[in-house]
K.L.:
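Have a look at this one.
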Amino acid sequence: MKLVPMRFKGVEWHHNPAEISFECDKQVNELKSPNGKSYIQNMERKNMVVKGKGQLFGEDCLEQFDRLFRLFSQGGAGVLVIERIEPIFAVFEGLKILGKPKPDVLEYEFLFREIMEKKQEDKPSIYVIKKGENLWDVAYITGVEIDTLVMLNPEIKRPDEVCEGFEVKLC
């Protein structure tokens with residue numbers, strides 16, 4: 001099985017990161033009452049943080065990093081797609097070169113922070129693919145499961161490769 005490359009805002013990583021961590025916390029408060037008992041107040045979940053490390057390699061490793069740096073510099077939010085993980089709406093918060101670049105190898109770290117916005121409420125029957133989007137993006141934006149989209153659109157052979165302007169059936 002071919003792994004889907006990590007993607008953010010339509011830009012793919014040439015090589016998936018070697019390490020990825022997901023940090024997700026909740027705000028929990030302990031309330032003490034005068035009678036000596038404690039009560040736990042479970043607040044909402046905090047925004048998830050996705051961190052990772054990897055290597056860019058090949059003669060064009062500096063160009064690969066420059067492409068990631070331009071993506072980072074753009075700012076703004078987009079859909080972050082990582083193999084076997086539910087896509088999230090996030091901002092690219094950090095990018096760092098680790099150590100001294102070696103010939104044809106550059107080690108780096110990245111950090112994304114989830115933005116917890118409501119997904120689209122209205123359920124249209126089709127979605128038109130925009131530039132840089134794929135079926136994972138459509139699943140996130142519309143709230144329709146990726147398996148459902150694949151079943152409804154058998155002409156799509158690969159969820160990560162859908163042409164701009166293609167009309168995806170949602171129901």
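Hydrogens, waters and symmetry mates are skipped; everything else that's a heavy atom, side chains included, is used. Count residues from 1 along the sequence.
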K.L.:
So, D137 and K130, do they make that salt bridge, N to O below 4.0 Å?
P.N.:
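Looking at D137 and K130, the cut-off is not met.
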
K.L.:
What do the steps show when you test V128 against F166 for side chain to side chain contact (heavy atoms under 4.5 Å, CB included), and what is the final call?
P.N.:
CA-CA 6 Å; V128 179; F166 184 84; over 6 Å; no

K.L.:
If the test is ring pair (Phe, Tyr, Trp, His ring centres under 6.0 Å), which one of F8, F92, F110 qualifies with F72?
P.N.:
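Among F8, F92, F110, the one that satisfies the ring pair (Phe, Tyr, Trp, His ring centres under 6.0 Å) with F72 is F92.
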
K.L.:
Between CD of E93 and CG of L111, what distance do you get to the nearest 0.5 Å?
P.N.:
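The CG atom of L111 is 4.5 Å from CD of E93, to the nearest 0.5 Å.
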
K.L.:
Which heavy atom of K46 sits nearest to which heavy atom of E114, and what is that distance?
P.N.:
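Reported closest heavy-atom pair: O-OE1, 4.5 Å.
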
K.L.:
Quick one: closest heavy-atom pair of E133 and R7, and the distance?
P.N.:
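Nearest heavy atoms, E133 then R7: C-NH2, 4.5 Å.
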
K.L.:
Going only through I, L, V, M, F, W and Y residues with side-chain contacts under 4.5 Å, is there a path from V105 to L95?
P.N.:
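No, V105 and L95 fall in different hydrophobic clusters.
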
K.L.:
Set out, in order, the CA-CA distance, both residues' side-chain angles and the distance that settles salt bridge (Lys or Arg N to Asp or Glu O under 4.0 Å) for K102 and E107, then state yes or no.
P.N.:
CA-CA 9 Å; K102 301 170 190 117; E107 293 185 49; 3.1 Å; yes

K.L.:
Is there a side-chain contact between L170 and V138, using heavy atoms and a 4.5 Å cut-off?
P.N.:
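Yes. Closest side-chain heavy atoms under 4.5 Å.
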
K.L.:
When you look at CZ of F22, are more than 12 heavy atoms from neighbouring residues, nucleotides or ligands closer to it than 6.0 Å?
P.N.:
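Yes - once you tally the heavy atoms of other residues, nucleotides and ligands closer than 6.0 Å, there are more than 12.
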
K.L.:
I'd like to know if I20 and V11 are part of one continuous hydrophobic network [Ile/Leu/Val/Met/Phe/Trp/Tyr, side-chain heavy atoms within less than 4.5 Å].
P.N.:
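Shared cluster, yes.
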
K.L.:
Assess whether a salt bridge exists between E164 and K131, defined as any Lys/Arg side-chain N lying under 4.0 Å from an Asp/Glu carboxylate O.
P.N.:
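No salt bridge links E164 with K131.
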
K.L.:
State, yes or no, whether a side-chain contact exists between D160 and V81 at a heavy-atom distance under 4.5 Å.
P.N.:
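A side-chain contact is absent here, since even the closest heavy-atom pair is not under 4.5 Å.
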
K.L.:
Please step through ring-ring contact (aromatic ring centres under 6.0 Å, His included) for the pair F65 and Y108, ending with a clear verdict.
P.N.:
CA-CA 8 Å; F65 183 82; Y108 70 100; 7.0 Å; no

K.L.:
Quick one: closest heavy-atom pair of P87 and V79, and the distance?
P.N.:
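Shortest heavy-atom separation between P87 and V79 comes out as CB-CG1, 3.8 Å.
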
K.L.:
Determine, stepwise, if the pair E63 / H14 fulfils side chain to side chain contact (heavy atoms under 4.5 Å, CB included).
P.N.:
CA-CA 11 Å; E63 288 84 10; H14 278 280; over 6 Å; no

K.L.:
Mind checking whether F57 and D104 have side chains closer than 4.5 Å, heavy atoms only?
P.N.:
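Answer no - side chains too far apart.
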
K.L.:
About how many Å separate CG of L71 and CD of E12, when rounded to the nearest 0.5 Å?
P.N.:
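Going from the CD atom of E12 to the CG atom of L71 covers 12.0 Å.
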
K.L.:
Please say yes or no: joined through hydrophobic side-chain contacts below 4.5 Å, possibly via intermediate residues, are F69 and L62 part of one cluster?
P.N.:
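Yes, same cluster.
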
K.L.:
Taking the basic N atoms (NZ, or NE/NH1/NH2) and the acidic carboxylate oxygens, is any pair closer than 4.0 Å for K51 and E19?
P.N.:
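The answer is no: the pair does not qualify as a salt bridge.
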
K.L.:
Shortest non-hydrogen contact from V150 to P159?
P.N.:
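Between these two residues, the closest heavy atoms are CG2-CG, 4.2 Å.
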
K.L.:
May I have the step-by-step check of side chain to side chain contact (heavy atoms under 4.5 Å, CB included) for M116 and E44, ending in yes or no?
P.N.:
CA-CA 11 Å; M116 294 190 297; E44 299 230 356; 5.7 Å; no

K.L.:
Output the distance between atom CD1 (I146) and atom CG (N134), rounded to the nearest 0.5 Å.
P.N.:
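CG of N134 is found 7.5 Å from CD1 of I146.
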
K.L.:
Sequence neighbours left out, what passes side-chain hydrogen bond (donor to acceptor under 3.5 Å, both in side chains) with N47? Give chain and number order.
P.N.:
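Checked N47 against side-chain hydrogen bond (donor to acceptor under 3.5 Å, both in side chains); zero matches.
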
K.L.:
Could you walk me through whether V144 and V168 pass the side chain to side chain contact (heavy atoms under 4.5 Å, CB included) test, one step at a time?
P.N.:
CA-CA 11 Å; V144 177; V168 177; over 6 Å; no

K.L.:
Rounded to the nearest 0.5 Å, what separation is found between the CG atom of L80 and the CH2 atom of W136?
P.N.:
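If I round to the nearest 0.5 Å, the distance is 12.5 Å.
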
K.L.:
State plainly whether one hydrophobic cluster holds both I141 and I115, where clusters connect Ile, Leu, Val, Met, Phe, Trp and Tyr through side-chain heavy atoms under 4.5 angstrom apart.
P.N.:
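Yes, because I141 and I115 connect within a single hydrophobic cluster, where side-chain heavy atoms sit under 4.5 Å apart.
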
K.L.:
Are V50 and L98 co-members of a hydrophobic cluster defined by side-chain heavy atoms under 4.5 Å apart?
P.N.:
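Each belongs to a different hydrophobic cluster.
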
K.L.:
To the nearest 0.5 Å, what is the distance between CE (M151) and NZ (K169)?
P.N.:
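Rounded to the nearest 0.5 Å, the CE-NZ separation comes out at 11.5 Å.
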
K.L.:
Any chance you could measure I129, atom CD1, to I156, atom CD1, to the nearest 0.5 Å?
P.N.:
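Those atoms lie 6.5 Å apart.
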
